[in-house]
Amino acid sequence: MAASYTSPLAEQLAPGLLERFLRYVRVDTQSSRDSGTQPSTPGQLELGRLLVEELLELGLSDAAIDDGGYVMATLPANGPDAERAPVVGLIAHVDVSPDAPAAGVEPLVHRDYDGGPIALPRGGTVLAPAAMPELRAVVGHDLVTSSGDTLLGADDKAGVAEVMSAVAHLVANPELPRPTLRIGFTVDEEIGQGGIHFDVERFGARCAYTLDGSELGELQDETFTAAEAVLTIDGIEVHPGFATGKMVNAARLAAQVLAALPSETLTPETTSGREGFIHPHEVDATPARAQVTFIVRDFEDELLERHVALLRTTVEEVLAREPRASWSLDVHAQYPNMRDHLRDVPEVVARAEAALRAEGIEPVRTPIRGGTDGSLLSARGLPTPNLFTGGHEYHSVREWASLQEMAAAAATVVRLAGEWAGGPR
Ligand SMILES: [Zn+2]
């Protein structure tokens, strides 16, 4: 076995996995926040149909894509205790982020990475170990990147390819015990819609795993709890030449609100680990009307409420100085921390830990500073922690993936099937 692989199984899975991954990343599946359709873009349906074809070829005869773009399929149980084993789901999302160019992805494979900077042919993009310490851990690995002017799409096509490769391996090796596996490929995860339209009942699994993490060994059962707040300020628009004593500039008031919010703390750029933040990420402003969209994040509901209260008091204080302006602050919940929903079913995380260890990987239990499909799915009754994929630098043209880490993830899924095949503990 080549030293960089976690197991002979991972090494065996790697060639087929790479082939699938390179095929999937070439399909433009970028989701869109400005679309009224379901799914938000037609490219997601294109990849979904391709996956259905491949699942049917593997013999998963019920593989189908629904009108919303969700792909579901069943791999029936095998082995002496198969009848007693619960149904387990495997989930990945087909869309890629709208935050970087994603059309015309041309993946490049860099064999046996030497540890130096990787200059990509387009866009002046360089992957430098000085700026990306994760590269130091993958010297000797085979890395996949884009050509430099698009994202790669490892988020989450690495996850899709890993699920497909694990399923193909289980089909080809019927002597390996497995529970009934339900495969689910979702759409529009990157715009926060993936878990909303997912038919949990039809999926029919007792629990599931998303393959949508990053670093080798990640097993995540905690996400942010998340809210969005939209501040709308109405000012008084007057011709600037005749505005003396009359104009009330909503844009200026919005700027004062932003300036009054904490900037040395409670921001994405000044927090880490388990700290939350208030993040204004879109401003649209004229003197007549200003709209500021904030995302508010924490790991504790109580602290999230405190951040929202701080935002509200700040807005009130600033706008109290200009009673001629009117304003509203609309706050709504986006997704909950999955931790509280996984607490009652400890075997879901325990078996994933056992599968990782069986693959020779020490589990890395970091809370996700974001959400996954599993955040909403867990709250909707399908406990769904998240596993690593081996992709890195997501949502950027510097995105890269390690084939060895991807193969480790696919091998972990094969072992996870074995862990569940023995029936309930
Ligand atoms: Zn993702």
Side-chain angles (χ1 to χ4, degrees), residues 4 13-32 35 39-51 53-54 69 71 92-129 131-132 134-135 138-165 168 185 187-191 211-212 214 389-407 409-410:
S4 46
L13 293 173
L17 172 62
L18 180 61
E19 203 180 283
R20 286 182 192 281
F21 181 62
L22 297 179
R23 184 161 63 242
Y24 304 155
V25 297
R26 287 174 185 277
V27 184
D28 177 1
T29 59
Q30 187 170 51
S31 46
S32 163
S35 157
S40 66
T41 52
Q44 299 182 66
L45 292 171
E46 193 187 323
L47 181 53
R49 288 189 200 108
L50 173 69
L51 293 167
E53 260 171 54
E54 295 185 3
V71 173
H93 64 89
V94 300
D95 66 313
V96 300
S97 169
D99 296 333
V105 173
E106 291 201 29
L108 299 174
V109 180
H110 312 260
R111 293 282 177 189
D112 194 10
Y113 172 55
D114 66 4
I118 304 175
L120 300 179
R122 296 195 207 134
T125 303
V126 179
L127 278 59
M132 280 177 222
E134 285 158 299
L135 281 171
V138 294
V139 175
H141 288 209
D142 303 315
L143 305 188
V144 189
T145 67
S146 75
S147 289
D149 55 353
T150 66
L151 46 67
L152 171 62
D155 179 8
D156 183 26
K157 287 162 184 170
V160 173
E162 287 153 11
V163 169
M164 290 295 288
S165 299
F185 294 125
V187 292
D188 290 331
E189 190 272 351
E190 297 290 0
I191 57 169
L211 279 104
D212 194 16
S214 176
T389 63
H392 301 263
E393 292 285 314
Y394 283 170
H395 303 191
S396 87
V397 294
R398 298 173 307 279
E399 192 184 3
W400 59 275
S402 150
L403 176 58
Q404 280 73 3
E405 292 183 355
M406 288 197 290

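Since this is a predicted model, take the numbers as computed values, not measurements. Heavy-atom basis, side chains included; hydrogens, waters and symmetry copies ignored.
Between Glu106 and Arg26 there is no salt bridge, since no side-chain N of the basic residue sits under 4.0 Å from a carboxylate O of the acidic one.
Proximity of a side-chain donor or acceptor of Asp156 to a complementary backbone N or O of His93 within less than 3.5 Å is detected. Remark: the backbone N or O of Gly43 is not paired with any side-chain donor or acceptor of Asp28 at under 3.5 angstrom. Formation of a donor-acceptor pair under 3.5 Å by the Glu134 side chain with backbone atoms of Pro129 is not found in this model. In this structure, the side chain of Ser396 engages the main chain of Glu393 through a donor-acceptor pair within 3.5 Å.
Put simply, the side chain of Val138 reaches to within 4.5 Å of the side chain of Trp400, judged on heavy atoms.
Distance OG1/Thr145 to NE2/His392: 13.0 Å, rounded to 0.5 Å. For the atom pair Thr41 OG1 and Gln44 CD, the distance stands at 3.5 Å (nearest 0.5 Å). Interatomic distance, Thr389 OG1 to Asp155 CG, rounded to the nearest 0.5 Å: 7.0 Å. Distance check: Ser31 OG to Asp95 CG gives 4.0 Å after rounding to the nearest 0.5 Å. One finds the NE2 atom of His141 at 8.0 Å from the CG atom of Leu143 (value rounded to the nearest 0.5 Å). Atom-to-atom distance recorded for Ile191:CD1 and Ser40:OG is 4.0 Å, nearest 0.5 angstrom.
Contact detail for Pro107 and Val144: the closest heavy-atom pair is CB-CG1, 4.2 Å. Residues Gly104 and Thr150 come closest through the heavy atom pair O-CG2, 4.3 Å. The two residues Ala92 and Gly159 have their closest heavy-atom pair at CB-C, 3.7 Å.
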> Can you list the steps and then say if Leu151 with Asp99 is a side-chain contact (heavy atoms from CB on, under 4.5 Å)?
Replying inline: CA-CA 9 Å; Leu151 46 67; Asp99 296 333; over 6 Å; no
> Yes or no on side-chain hydrogen bond (donor to acceptor under 3.5 Å, both in side chains) for Tyr24 and Glu19, after CA distance, side-chain angles and deciding distance?
Replying inline: CA-CA 9 Å; Tyr24 304 155; Glu19 203 180 283; over 6 Å; no
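Residues Gln404 and Asp142 have side chains that bring a donor and an acceptor to within less than 3.5 angstrom of each other. A side-chain N or O of Lys157 and one of Thr29 form a donor-acceptor pair less than 3.5 Å apart. For the residue pair Glu190 / Tyr394, no side-chain donor-acceptor distance below 3.5 Å is found, with atom types taken as modelled.
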